[in-house]
Structure formats: structure tokens, C-alpha cells
Amino acid sequence: MITEPRFSDDQPAIRMAKVNHGYIKGDHVLGDVNMELNPGSFTFLTGPSGSGKTTLLQLLYAAQLPRNGKVSIFGIDTSTATRKMLTSVRRRIGVVYQDFRLLDHLSAYENAALPLRVTGRPEREYRDDVMELLHWVGLGERVQAKPTTLSGGEQQRVAIARALVNKPDLLIADEPTGNVDPEMGERLIRLILELNRRLSTTVLIATHDKSLVERLEAPILRLENGMLMHERGRIG
Amino acid sequence: MITEPRFSDDQPAIRMAKVNHGYIKGDHVLGDVNMELNPGSFTFLTGPSGSGKTTLLQLLYAAQLPRNGKVSIFGIDTSTATRKMLTSVRRRIGVVYQDFRLLDHLSAYENAALPLRVTGRPEREYRDDVMELLHWVGLGERVQAKPTTLSGGEQQRVAIARALVNKPDLLIADEPTGNVDPEMGERLIRLILELNRRLSTTVLIATHDKSLVERLEAPILRLENGMLMHERGRIG
Amino acid sequence: MAEARRTPLLPREDAREAALFFVVAALCFLAALTGLATRAAYGAAETWAGQVQGEITIRLLEGGDTAATSLATMLEELPGIQSAIAESREETEDLLTPWLGENLPEDLPVSRYIAVQLESGATEMPAAISEAAEGAGFQISLEEHQSWARDVERSLGLMRLTGMVALILLVTIVLSVIAFATHAALLARKDVVNVLHTCGASDRFISRLFEHRFFSLGLKAGGIGALFALLGAMLLFFAAKQSGDRSWLLPQMSPDIGTFLVLLATPLFAAIVAMVAARLTVTRALGELS
Amino acid sequence: MAEARRTPLLPREDAREAALFFVVAALCFLAALTGLATRAAYGAAETWAGQVQGEITIRLLEGGDTAATSLATMLEELPGIQSAIAESREETEDLLTPWLGENLPEDLPVSRYIAVQLESGATEMPAAISEAAEGAGFQISLEEHQSWARDVERSLGLMRLTGMVALILLVTIVLSVIAFATHAALLARKDVVNVLHTCGASDRFISRLFEHRFFSLGLKAGGIGALFALLGAMLLFFAAKQSGDRSWLLPQMSPDIGTFLVLLATPLFAAIVAMVAARLTVTRALGELS
Ligand SMILES: Nc1ncnc2c1ncn2[C@@H]1O[C@H](COP(=O)(O)OP(=O)(O)OP(=O)(O)O)[C@@H](O)[C@H]1O
Ligand SMILES: Nc1ncnc2c1ncn2[C@@H]1O[C@H](COP(=O)(O)OP(=O)(O)OP(=O)(O)O)[C@@H](O)[C@H]1O
Ligand SMILES: [Mg+2]
Ligand SMILES: [Mg+2]
């Protein structure tokens with residue numbers, strides 16, 4: 001039961017309660033942050049460089065544990081969960097890292113297919129889906145290329161494909177369009193929107209991209225001086 | 001004479017003549033590109049993701065040699081220059097890489113000071129300048145931090161400081177504001193403009209950032225399908 | 001795409017791994033060779049000990065050839081004695097020539113010697129022989145041992161000890177190198193581990209990647225090391241053969257089943273050590289990761 | 001800031017380097033120990049050869065104690081002879097007791113032995129002695145050599161050879177490991193090299209970073225290896241001491257100047273090899289980089 005958490009509509013996908021976090025004794029990158037994201041919501045996160053956006057996202061995919069307070073993902077408290085529980089939580093989250101984190105020795109295709117491969121599923125089951133996704137992000141011609149031979153924007157698109165490939169319940173994207181041109185950026189965001197609408201994927205995107213935020217109606221959270229504020233709309 | 005090239009006003013800082021380049025036999029990331037940048041000019045380079053902007057810039061700081069055609073930097077042909085000549089050319093160029101390329105084991109300060117350190121100059125000669133520059137890019141509090149403990153935008157600012165620190169004759173920046181908020185981006189560009197005006201530094205910036213390009217009057221080059229076009233203004 | 005082999009999740013063909021492979025192979029080579037040498041030294045020491053313990057020389061103080069022959073015949077019937085051969089007066093006289101010249105007076109009483117070869121495993125024979133001989137009225141003295149043989153035996157014992165120490169040392173070095181290297185490889189691959197982790201790979205999955213990698217590395221490197229050790233042993237064997245019987249003091253390496261067991265054990269041992277080191281390191285490192 | 005030490009441009013305290021350090025130290029340890037052992041084997045073989053060549057036993061066929069003594073005195077004056085000592089009749093009779101009993105007839109002619117100790121380096125002495133003795137009218141026969149001593153010598157020769165082969169092998173392994181590891185380290189640091197390069201560092205500057213790093217690694221690892229080898233040698237030395245004079249067949253390790261030279265040479269050698277390997281690798285790699 002607990003090691004295989006089910007997704008229930010009446011609890012938030014994500015919940016942060018009085019989360020206080022920092023790296024050095026005494027500093028407060030996040031100071032008593034409270035937030036909830038409802039299942040199927042689509043939210044932007046903005047804030048100046050160094051304000052703690054990446055830190056906040058890392059707490060939300062359990063790459064870090066909060067110093068104080070409680071972070072729940074799908075109702076599971078990350079601080080008290082077992083490693084097994086966290087593994088099954090991670091399989092339901094797609095992450096786009098600010099610095100991509102592709103594996104250099106794997107091809108674009110293999111990088112994108114990674115979240116499926118690590119579950120042990122046979123390749124034939126998902127090969128076509130992965131290829132279709134790579135075509136959609138404009139990498140149909142470069143599926144066999146290693147990340148070191150891809151341009152910055154191409155790498156970013158592989159990272160996005162990897163985050164979407166297992167149709168996650170939660171998508172966390174850190175600056176996913178920083179290295180692509182505005183046209184490609186729009187295309188990628190539309191892809192994420194489609195996922196959000198069709199599969200009720202909860203989406204949280206940290207971005208500096210003003211034009212991106214302005215084009216969409218989604219609520220905006222703003223992080224500044226350790227505090228989280230609503231800049232536009234109600235979250236959740 | 002030739003191993004210590006002087007900068008003369010009547011020759012272009014950079015010159016590409018019929019440059020043809022690609023990675024795999026048969027492909028043409030750049031197809032017969034011709035361009036010149038006059039000393040002291042300030043130019044943008046745009047183009048879709050994967051169009052070859054990074055490739056073009058790499059040719060201009062001699063990280064790659066062109067397959068065909070000729071690239072001259074400060075009048076020196078990169079294909080025929082000796083390794084010693086290239087080293088002295090490099091000392092006059094500042095580069096901001098799209099993926100930052102900071103050394104993880106050095107502090108922000110040491111990373112920024114690198115181009116001065118490798119020339120063998122004693123540290124006391126430049127320490128204050130480097131500190132001032134880091135303050136200017138908003139990292140006064142983080143000079144001792146290692147890159148892995150810096151946010152994406154902070155890392156990018158260290159990379160910019162490193163490119164500017166030895167007051168280069170030529171500055172080549174690949175997407176220098178992709179990871180910072182618009183306010184910080186403006187501040188960084190103003191810093192580069194100041195360098196351009198006060199020291200007649202030749203500047204070439206590749207960017208996707210529409211708002212950045214729009215705020216400045218500088219000429220814009222556009223790379224698409226292997227061809228280089230003027231999108232706005234005369235280059236040089 | 002369809003039939004393309006999958007790229008392993010851990011990067012392959014890493015120069016670091018080539019160095020590690022070489023080191024493990026070299027150490028396994030040395031370990032296998034030392035193992036063989038120690039084994040040979042043991043064998044030689046045992047042979048010596050057997051020879052020395054198995055031979056007793058009896059000096060018959062009085063009585064001529066006939067007495068010697070009858071004593072020998074009597075002794076041969078004792079349980080635990082393989083053979084007893086009496087030397088004739090001529091043989092003894094030959095031994096004495098350097099001191100006394102060719103022509104010994106006929107009436108000079110000369111002791112007779114009886115070389116007794118014991119069956120292996122026979123114990124307390126000196127006492128039994130003395131008793132039997134004295135019971136039959138013979139006056140004898142026993143020379144159980146030759147002092148230089150004792151020296152040789154002791155020397156071999158020391159060589160054997162040195163070999164054992166060297167072997168233990170090499171095995172320890174192999175162990176630590178493999179453990180160290182695994183740890184280093186894991187640290188160098190921290191990025192890969194991290195990515196796999198956040199992509200939803202379980203701890204067992206990640207750990208197994210490293211275990212497999214290092215098991216096969218240990219197996220291959222150990223195998224190559226053992227192969228070269230075989231070549232080395234054969235070289236030594238032929239060198240010993242070349243120098244003829246006169247090198248009887250050196251332990252002989254002869255190819256037998258034991259040799260092949262040692263050579264087979266080497267790669268298996270290396271592989272298992274590598275795998276266990278990998279597993280421990282990975283499990284600990286993953287625990288630290290979050 | 002002001003007095004802060006600068007961080008080295010090459011990352012330090014790398015786990016990979018710890019492994020390399022360990023491997024180089026272990027190999028240097030083995031190499032130094034093998035070097036010492038080989039040296040000791042050489043020494044033992046020479047001692048043996050010296051003893052065997054330096055000792056001649058002369059048997060005087062006729063004449064009594066007086067003749068023996070006068071021959072000994074005469075021989076002692078020959079150039080190249082250190083001492084010549086005549087055995088008395090009693091001493092010879094003692095040797096013969098086992099064969100002939102206590103009471104030899106007084107009139108039995110017994111050969112006398114003269115133990116001649118040659119000066120080291122003296123050659124062709126047997127001929128000179130025969131000539132001198134026969135010139136003076138003595139009837140002698142010479143025993144230059146004992147057959148079992150030849151065997152021992154031959155065995156030591158084989159051990160010596162084995163040691164040399166092992167030494168050459170170990171040195172080769174040390175060389176290759178260091179070269180391999182340098183190459184691997186350079187590949188692992190390609191990013192650093194690249195960044196330094198585009199920041200305007202000259203080839204010499206970059207190459208020197210690696211040279212220094214590997215020189216000091218080789219020096220330290222080699223030093224530690226040599227230190228442990230010293231400990232090992234001392235252990236063996238005491239083990240040999242323990243087993244007393246009876247282990248005369250084994251090469252003895254005695255701490256002398258040569259020992260310390262071998263131990264000093266090890267780290268220096270390792271350091272220089274590491275530095276040269278680094279230099280060659282870096283120079284080649286930089287050439288390929290652009
Ligand atoms: N591992 C760490 N150790 C110490 N300090 C850290 C660490 N990681 C981040 N920080 C600091 O915490 C602050 C917040 O970092 P974070 O990466 O969350 O910012 P961000 O909002 O994502 O910025 P950006 O928009 O530039 O990516 C920064 O000042 C950063 O220097
Ligand atoms: N080392 C390489 N080997 C093979 N192909 C490469 C290599 N580097 C780049 N390419 C390919 O060359 C093309 C141009 O790459 P480049 O990095 O110059 O693009 P870019 O304009 O900088 O793109 P972006 O805006 O996404 O950074 C891309 O299609 C890329 O995949
Ligand atoms: Mg960030
Ligand atoms: Mg690019």
C-alpha cells in the first residue's frame with residue numbers, strides 16, 4: 001500500500017508546510033515556505049537569479065530533504081519515506097534539470113528512454129513512443145547522436161523528452177527553454193500543456209523567460225528573499 | 001613580430017572568408033560563410049537552435065579549424081598559425097561558453113581570475129580588479145563559493161567575469177544571459193557595452209533573447225540553413 | 001534501430017578502466033606465480049623432509065660382512081622398513097682411500113654400514129631398530145640424520161615462509177586495489193548514478209550495474225594474469241630442467257592438477273573480490289546520496 | 001583573501017589518485033623488495049663462489065706431521081695464499097673413528113690434510129701450488145671443489161636469475177601503470193586542460209602542471225613503498241637471524257649501504273618515470289586537441 005502510493009484526487013500532488021531550508025548554517029534560502037499544487041495544475045515559478053528556485057524544485061523531487069518543515073509528494077512525506085518508497089515516487093515524476101544532466105555515452109534516443117529502461121521494461125514496448133516524442137521535439141534526425149555532438153538547444157530538448165517519456169504524474173522543469181529559440185520554446189511548452197490537459201499531469205516550471213510566462217494564462221509563483229508569493233492567479 | 005601580433009585599426013578584428021564547415025562528411029553546418037567584424041564593433045548573432053551559432057563562434061576563437069576557407073583573428077590565419085601564435089591570440093580573446101565550463105574545484109574568484117593566472121602574473125597585481133568585477137556582476141558575497149554550490153545564473157555570471165577579466169580585445173559570448181533574470185541580463189549587457197566603448201573591445205554575442213536584442217541598437221546577424229544574413233544593420 | 005545492441009548504462013572503454021585492468025592483471029599474475037612458487041616450495045620441503053626422515057644409517061661396530069648381511073635381512077622383516085642394504089668392506093674401503101691410501105691391512109677392523117629405507121609414515125623406528133638389533137646381539141650405532149640435510153630443510157622452510165608472506169601480501173594488495181578502484185570508479189560515475197537515481201532506478205538496479213562490470217573485469221584481468229603466470233611457470237620449469245639434476249636444492253615447478261587449480265582460482269577469486277567490493281561501495285555510497 | 005593559499009589548478013585529493021598512489025606504492029614496495037632480494041642472492045652467490053674458489057684442500061700422501069707442517073709453512077709464503085693450516089694425525093683419526101673405531105694401529109700411514117685459504121682474486125693457484133709442492137719433493141693431491149657446493153652455487157644462480165626476471169617484470173609493470181594512469185588522468189581532466197587552453201595557458205604551462213603532480217605522486221608513493229620494503233627486509237633479516245647459522249643456503253639480507261641505495265633509488269625512479277610519462281602524454285594529447 002504505502003510502497004506503491006496511489007494518486008488520489010482529494011489530496012494535493014505537492015505540499016510544502018513551513019519549509020525552511022538553506023545550505024550553510026544560518027542562511028535561509030527558503031524561509032518558512034508553504035505551498036500546495038493540486039493534481040493537474042500548471043504553474044510557473046519565477047524569481048531573481050540565486051533566489052532559490054532550483055533549491056525549491058529539488059525539494060519537490062526529493063533530491064534534497066528540507067532542513068525544517070515537511071514536503072509531501074503524492075501524500076508521501078519525503079523526510080520519513082523509505083528509499084523504496086522514494087524510488088516509486090520518482091518513477092511518477094519527470095524532471096528537466098537546469099543543466100540537462102544527460103549521460104554523455106548514451107545516444108539521444110537512449111537518454112530519452114532512460115526512465116523506461118531503468119524499470120526493466122523490454123525495449124520493444126516503448127521504442128516507437130520514444131521515437132515519436134523525439135520527432136516532436138525536432139530531433140528526429142539526431143536520435144543516434146551523443147549529447148556532446150548536440151547543440152545546446154538540442155541537448156535541452158533531449159532533457160525535456162526524457163522528463164516526458166514515461167507520462168509522469170508530476171513534471172518539474174527548471175528553465176526548460178533557456179537554450180532554444182522562441183519558436184522552439186513555444187512548441188515545447190505546447191507539448192507540456194498537451195500532457196497537462198490529456199493526462200492531468202501536474203506541472204511546475206521555473207523560468208526567467210518573460211515572453212513565455214506572458215503568453216500563457218497560468219498562475220505565477222514568485223520567489224524572492226526566501227519568501228514565496230503569488231504574482232498572478234491563485235495556485236493549485 | 002608574428003608571434004606577438006599587434007592590433008592594427010585598418011584590418012578587421014575577425015574575418016571569415018568562404019568558410020565551409022561541418023562535422024560529418026557531407027553535412028554543411030556552415031556553407032561558404034563570409035564575414036568581417038571591425039575593431040570596436042558590437043554585434044548580435046541569432047538563429048534557430050542547431051543552426052550553427054556555437055560552431056561559428058568556436059571557429060572565431062580557434063577551438064576548431066574550418067574544413068574549408070579561411071578564418072583570421074587579428075590578422076592571423078588560424079589554420080596556418082603555430083600553437084604559440086594561437087596561445088597569444090587566445091590571451092586577447094574573452095569567451096563565455098554556452099555551458100559555462102567553470103572548473104569545479106576552484107572558487108568563483110579563482111575561476112574568474114584564471115586568464116590572468118595562466119599568464120604567470122603575481123596575484124596581488126590583479127586581485128582587487130577581479131574582486132571589483134565580481135561585485136559588479138552581483139557575486140560579491142559568493143567569491144569563495146565553488147561552482148557546484150552556485151545557482152545556474154550565478155555560474156553564468158562567473159563565466160562572464162572570467163571572459164572580461166583580462167580586458168580582451170575581442171569578446172565572444174554564447175548565450176550569456178540564458179540563465180539570469182531580465183534585470184540581471186540587462187546589467188550584464190551594460191557591463192559588456194561599457195567595455196566595448198571604453199576599450200574598443202570587439203563584441204559578438206550569440207543569443208535567443210528577443211528582449212535583449214530589441215533593447216539595443218546593435219546590428220544583428222542571423223544564421224539559418226548554413227547561411228549568414230544581416231537581419232538588422234550593417235555589420236562591422 | 002530495431003536490432004541495435006543497447007549501450008551499457010555504465011560508460012565502457014574508459015582509459016581509467018584500462019589502467020585498472022592492467023593493474024589487476026599484473027597483480028593476479030604475480031599472485032598466481034607466487035602461489036605456484038610457494039606450492040612448489042612446500043612440495044620440495046616435504047620431499048626433503050620425507051627423504052631425511054625416511055633414511056637411517058646404521059653402523060655395525062663389530063662383526064664382518066656376514067654379520068652385516070644377516071642384520072640387514074633381519075631388519076628388512078621389521079614392520080615399517082622398506083629396505084635395508086649392507087655395504088661390503090670394499091665399499092667402505094673405497095670411502096677411506098683418501099685418508100689411508102689403497103692398501104689397508106686385511107686385519108684392520110672396519111665398520112659396516114647398513115642403509116635403511118623406512119616406509120613413509122613410519123615413526124619411532126630408531127628405537128625399534130636399536131631394540132631389535134641389540135636383542136639379536138648386534139652392537140650398532142644409529143645415524144638418523146645428516147646435518148646438512150637439516151640445513152637444507154630449514155632453508156626451504158624459510159623460503160616457504162617468505163613465499164607465504166609474499167602471497168598474503170599480494171592478495172591483500174589485489175584486494176585493496178580492487179576495492180579502491182571500485183570506489184574511485186563509483187565516485188567518477190557519481191553523475192551517472194545520480195541521473196539513474198532520479199530517473200527512478202532502484203538501488204539494486206544501480207548496484208547490479210557496478211557488480212556486473214567489476215565481476216567481468218576481475219574475471220578477465222585475473223584470467224589474463226593467470227595465463228601469463230602459466231607461461232612464467234613453464235619458463236621457470238624449463239629453466240630448471242635445463243640446469244639439470246644439479247639444481248636439486250631449488251623447488252621444482254612441475255605442471256600438475258594443483259597448478260591448474262591455482263591458475264583457475266586466481267580469476268575467480270579476483271572476480272568475486274571485485275564484485276563484493278563494488279557491491280559494498282555502491283551500497284554505502286547510495287546511502288550517502290540521500 | 002590576502003594570504004590565502006592558491007588552489008592548485010589540477011584538482012587534488014581525487015579518489016582516482018588515491019588508488020593510483022596505492023598501486024604505485026605497492027608496486028614500488030614489491031620492486032624494492034625484489035631488488036633487495038636479488039641483490040642478496042647475488043651477494044650470496046658471490047660469497048659462495050668466493051668460498052669455493054678460495055678454499056683448496058691439499059692431501060699430503062706421504063710423510064708425517066712434520067712434512068705437513070713444513071709444507072704448510074712453505075705454502076703460506078707463496079703469493080696469493082692467505083693461510084695454510086696442517087691437520088694433525090689426531091684430527092684425521094677423529095674423522096675416521098666411525099669407520100675404524102678408536103684404536104688405529106700406530107704404524108698405519110694416514111694422509112695429512114692442509115686447508116689452504118686463498119686471497120680473494122687469486123687465480124691459477126692450484127697449478128702454482130702443485131708446482132711448488134712437487135718442486136720441494138712433496139707428493140700431494142688437490143681437492144679444489146666439493147660437488148655439493150657446485151650444486152648450491154648453481155641453485156643460487158637460478159634464484160638470482162628468477163629475481164632478476166621478477167625485478168625487470170615489476171619495473172615494467174610500474175612503468176606501464178604510471179604511464180597508463182597518467183594518460184587516464186589526463187583524459188579525465190580533459191575539461192580542465194581545455195579550459196586552461198582557451199584561457200590562454202601555453203602548452204608548457206599545462207604540461208608542467210601534470211609533470212609536477214605526477215613527479216610528487218611518484219616520489220611520495222615510491223618513498224612509502226621503499227619504506228615498507230625496508231621494514232619487510234628487516235623482518236626477513238631477523239627471521240633469518242632467528243633460524244640461526246643453519247640457513248646458510250639462503251641469501252642473507254644484511255642492511256648495508258647498497259640496501260639504502262636501492263631504497264633511495266626506488267622513489268626517485270618512480271618520480272622520474274611518472275614525470276616523463278606525464279610529459280609525453282600531455283604533449284601528445286595537446287597536439288591532438290587542436
Ligand atoms: N550546494 C550548495 N551549497 C551552498 N550554497 C548553495 C548550494 N546550492 C545553491 N546554493 C546557493 O543557494 C542560493 C539559491 O540557489 P538556487 O540554485 O536555488 O537559485 P535559483 O533561484 O535556481 O537561481 P538561478 O535562477 O540563477 O538558477 C544561491 O545563492 C546559491 O549560491
Ligand atoms: N561535435 C559535433 N559532432 C557532430 N555534430 C555536431 C557537433 N557539434 C555540433 N553538431 C551539430 O551541428 C549543428 C550546429 O550545432 P551548434 O551547436 O553550432 O548549434 P547552435 O546554433 O549553437 O544551437 P543552439 O542554439 O541550440 O545552441 C547541430 O545540428 C549539432 O547537432
Ligand atoms: Mg536555478
Ligand atoms: Mg549553441
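A, B, ... follow the sequence lines: proteins, then strands. Residue 1 opens every chain.
Heavy-atom pairs under 4.5 Å with chain A peak, among B:R157, B:Q155, B:M184, at B:R157. Counting heavy-atom pairs under 4.5 Å between each of B:G47, B:G153, B:G52 and chain A puts B:G153 at the top. Heavy-atom pairs under 4.5 Å with chain A were tallied for B:T177, B:T207, B:T55, B:N179; the largest tally goes to B:N179.
Residues forming a side chain to side chain donor-acceptor pair (under 3.5 Å) with B:E183 (at least two apart in sequence, or on another chain): none.
Looking at every heavy atom in both residues, A:R142 comes nearest to B:I24 through NH1-CD1, 4.5 Å.
Neither the backbone nor the side chain of B:D99 comes within contact range of chain A; no heavy atom of the residue lies under 4.5 Å from a heavy atom of that chain. Contacts between B:E175 and chain A at a heavy-atom distance below 4.5 Å involve the side chain alone, from C-beta outward. Contact annotation for B:S49: both backbone and side-chain heavy atoms come within less than 4.5 Å of a heavy atom of chain A.
In this structure, A:R215 places its CZ atom where more than 12 heavy-atom neighbours from other residues, nucleotides or ligands lie under 6.0 Å away. Around the CZ atom of B:R117, the shell of radius 6.0 Å holds more than 12 heavy atoms that belong to other residues, nucleotides or ligands.
The line from OG1 of A:T54 to CG of B:L150 is 11.5 Å long, rounded to the nearest 0.5 Å. Note that the CD atom of A:E141 and the CG atom of B:D27 stand 11.5 Å from one another [nearest 0.5 Å].
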